[in-house]
Structures are given as C-alpha cells and as structure tokens.
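Here's the structure we're looking at; comments come further down.
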Amino acid sequence: MTTIADRLADAHQRIAQAAQNSSRDSKDIQLLAVSKTKPISQIAAAYDAGQRLFGENYVQEGEEKVKALRESHGDIEWHFIGPLQSNKSKSIAEHFDWMHTLSREKIARRLSEQRPEDLPPLQVCIQVNISQEESKSGVSPEEIAPLADAISALPKLTLRGLMAIPTATSDESVQQAEFRQMQTLFKQLQQSYPAIDTLSMGMSQDLELAIASGSTMVRIGSAIFGERDYAKA
C-alpha cells in the first residue's frame, strides 16, 4: 500500500526532475502540501515524513487545524490559499503565516490591523487572475503594481510575490502561455521590490510546466493525500 510518505517522496522526485529539465536547482522550489478537507492524522503523517509547509483553503477548517497542532507540531508553516471574505480576515491574521490570495487593498489593511503584535508580519502573495476567468479571484496584470504599493506601506504585512491558478484545460500550450506570462509579471515586480522571491503556481497536474516557467512554490494536494473529500468541503 502506498503511504503518504511514499507519495511525498514521489512529489519531491517530480520536482527534482522538472528542475533538472529546466536547468534549475530543486532547492529553489518549495513543496506546499495542500491539506484541505484532510484529517489531522494525514497532516501528522506528512509531518512525520518531513513535510513542514501546509496549505488550507477554508478559514474555519484551517483555524481548527492550526489550533489542534500548535503544541505538538509547532514548527509547521501554515499557508492560506483559498478565497477570503473581509469579515473572516481576523482568523487568517491571527493563525496563519502566509496568505497567497490577496487581491484587495481593503483586506490587506484589515490583515495588517488584525495581525497580533507578538507575531511577525504576515507573508503575502498577490493573486493574479491570469486566465481572466470571471469565476476566479485575483487582480488583472495592470492592478498588480498599485496593490503592491499599498501592501508595502502596511507594517504587519510582507509582500513576497505572486500567485496564480491557470486555466483548467488539457491544452498544455494554454497553461504554458499563462505560466510564462506570470513569470514575466513576477520579474517586472521584482524590479520595484527586489526582495520579492515567491512565485506560487503549479499543482499536482501541472507542476512541471510551472517549474519550467520559474515557479518557486508548487501547491500539491491530491498527489500526496489523494483526491479531495468533497463531503467535507
């Protein structure tokens, strides 16, 4: 029977091979284990296999997991990667280390104001709607710069980079074009903010394409934990 440890090892091997194919160092690419809808026991199994970065999509579920594992697994780095309504920002500000889906100045201000003084700044990425789909969150490429300026002025936030979800399609050329556009936007943003270092893109099904276009963090869920449990979503 294939274990979570086995699947984590396979994921790291895919990342290493994709990096080699793109003449990149695999150490420059982080694996974010997406544990949404999965029980704490599976997070603990991944932790025991060496995983420390975990991503959650749902505010209440994520907060409950952070609280449950705070004492026993205190070195987990928690990333929020789902959509966020402004009335739920306090939970993210108080319990998470990273926020990948920032796309509104109003929420950025709330996160900064609600971040506890005893915690380091919340690390954030701007979500870009690179596929220009109405059903997806994120800013347009033209909106990146003004939002980045607003975030950089907030004392309890640190802008780390950009995040995107490409078009869900079997046409790799479409996804490749969107990933390459994200790489261009990322490099442009780095000209204004040289400390920016994170391009969060690529998932279980498309991580190779993302890494070829400069991704520094891939978000892998089903390849590690199995298919999503929709009954818990």
Do E56 and S35 have side-chain N/O donor and acceptor atoms under 3.5 Å apart?
yes
Could you give the distance from NE2 (H100) to NE2 (H79), rounded to the nearest 0.5 Å?
5.0 Å
Let me check something: do V139 and F80 share a hydrophobic cluster, defined by ILVMFWY side-chain heavy atoms less than 4.5 Å apart, either directly or through other members?
yes
Quick check: is L84 connected to L32 through a chain of hydrophobic side chains (ILVMFWY, heavy atoms under 4.5 Å apart)?
no
dist I92:CD1 -> L111:CG (nearest 0.5 Å) comes out at 8.0 Å
Are E133 and N129 linked by a side-chain donor-acceptor pair shorter than 3.5 Å?
no
Non-hydrogen atoms of K136 and P166 that approach each other most closely:
NZ-O, 2.6 Å
Counting C-beta onward and ignoring hydrogens, is there a side-chain heavy-atom pair between L102 and M163 closer than 4.5 Å?
no
Between S112 (side chain) and R109 (backbone), is there a donor-acceptor pair under 3.5 Å?
no
R115 side chain to L157 backbone, donor-acceptor under 3.5 Å
no
Q114 and R110: CA distance, side-chain angles, deciding distance, side-chain contact (heavy atoms from CB on, under 4.5 Å) verdict
CA-CA 6 Å; Q114 294 166 336; R110 287 177 66 90; 3.5 Å; yes
Start with the C-alpha gap between E105 and L147, add the side-chain angles, then the distance that decides, and say whether side-chain contact (heavy atoms from CB on, under 4.5 Å) holds.
CA-CA 6 Å; E105 183 177 345; L147 182 55; 4.2 Å; yes
So, E178 and S131: side-chain donor and acceptor under 3.5 Å apart, yes or no?
no
Determine whether more than 12 heavy atoms belonging to other residues, nucleotides or ligands lie under 6.0 Å from atom NZ of K90.
no
Quick one: are F225 and L8 in side-chain contact, heavy atoms under 4.5 Å?
no
Measuring only between side-chain heavy atoms, which start at C-beta, is D97 closer than 4.5 Å to Q123?
no
With a cut-off of 6.0 Å (strictly less than), are more than 12 heavy atoms of other residues, nucleotides or ligands near NZ of K88?
no
So how far is it from I151 CD1 to I126 CD1, rounded to the nearest 0.5 Å?
4.0 Å
How are the rings of Y47 and H73 set to each other: parallel, tilted or perpendicular (split at 30° and 60°)?
perpendicular
E77 atom CD, over 12 foreign heavy atoms within 6.0 Å
yes
Side chains of S200 and R219: donor-acceptor distance under 3.5 Å anywhere?
yes
Between K65 and K38, is there a donor-acceptor pair closer than 3.5 Å when you use the side chain of the first and the backbone of the second?
yes
Would you check if there is a donor-acceptor pair between the side chains of D6 and T3 at a distance under 3.5 Å?
yes
Any heavy-atom pair between the side chains of T216 and R24 that's under 4.5 Å?
yes
Compare all side-chain heavy atoms of M217 with those of Q30 and state whether any distance is below 4.5 angstrom.
yes
So if you build clusters from Ile, Leu, Val, Met, Phe, Trp, Tyr with side-chain heavy-atom gaps below 4.5 Å, do I43 and I224 land together?
yes
Output the distance between atom CD1 (I144) and atom OG (S192), rounded to the nearest 0.5 Å.
11.0 Å
Go through the steps to decide whether I196 and F186 satisfy the test side-chain contact (heavy atoms from CB on, under 4.5 Å), and finish with yes or no.
CA-CA 9 Å; I196 283 176; F186 178 64; 3.4 Å; yes
Given D171 and Q175, is the side chain to side chain donor-acceptor pair (under 3.5 Å) satisfied, shown in steps?
CA-CA 7 Å; D171 187 344; Q175 293 184 325; over 6 Å; no
Would you call I211 and E208 a side-chain contact if the rule is heavy atoms closer than 4.5 Å?
no
Within a strict 4.5 Å, meaning less than it, do heavy atoms of the T101 and S137 side chains meet?
no
How long is the straight-line distance from NE2 of H12 back to CG of D10, given to the nearest 0.5 Å?
10.5 Å
Same apolar cluster (I L V M F W Y, side chains within < 4.5 Å links), M201/M99:
yes
Nearest atoms (heavy-atom pairs only) where I29 meets A19:
CD1-CB, 3.8 Å
Please report the shortest heavy-atom distance between T198 and C125, naming the atom on each side.
CG2-SG, 4.0 Å
Go through the side-chain N and O atoms of E63 and S91 and say whether any donor and acceptor fall under 3.5 Å apart.
yes
Separation between CG of L199 and CG of D28, rounded to the nearest 0.5 Å
12.5 Å
Quick one: does S204's side chain have a donor or acceptor within less than 3.5 Å of a partner on I220's backbone?
no
Check whether any side-chain heavy atom of R70 sits under 4.5 Å from a side-chain heavy atom of H95, and report yes or no.
yes
Specify whether W78 and F96 have parallel, tilted or perpendicular ring planes, treating 30° as the upper limit for parallel and 60° as the lower limit for perpendicular.
perpendicular
In one Ile/Leu/Val/Met/Phe/Trp/Tyr side-chain cluster, 4.5 Å: W98, I165
no
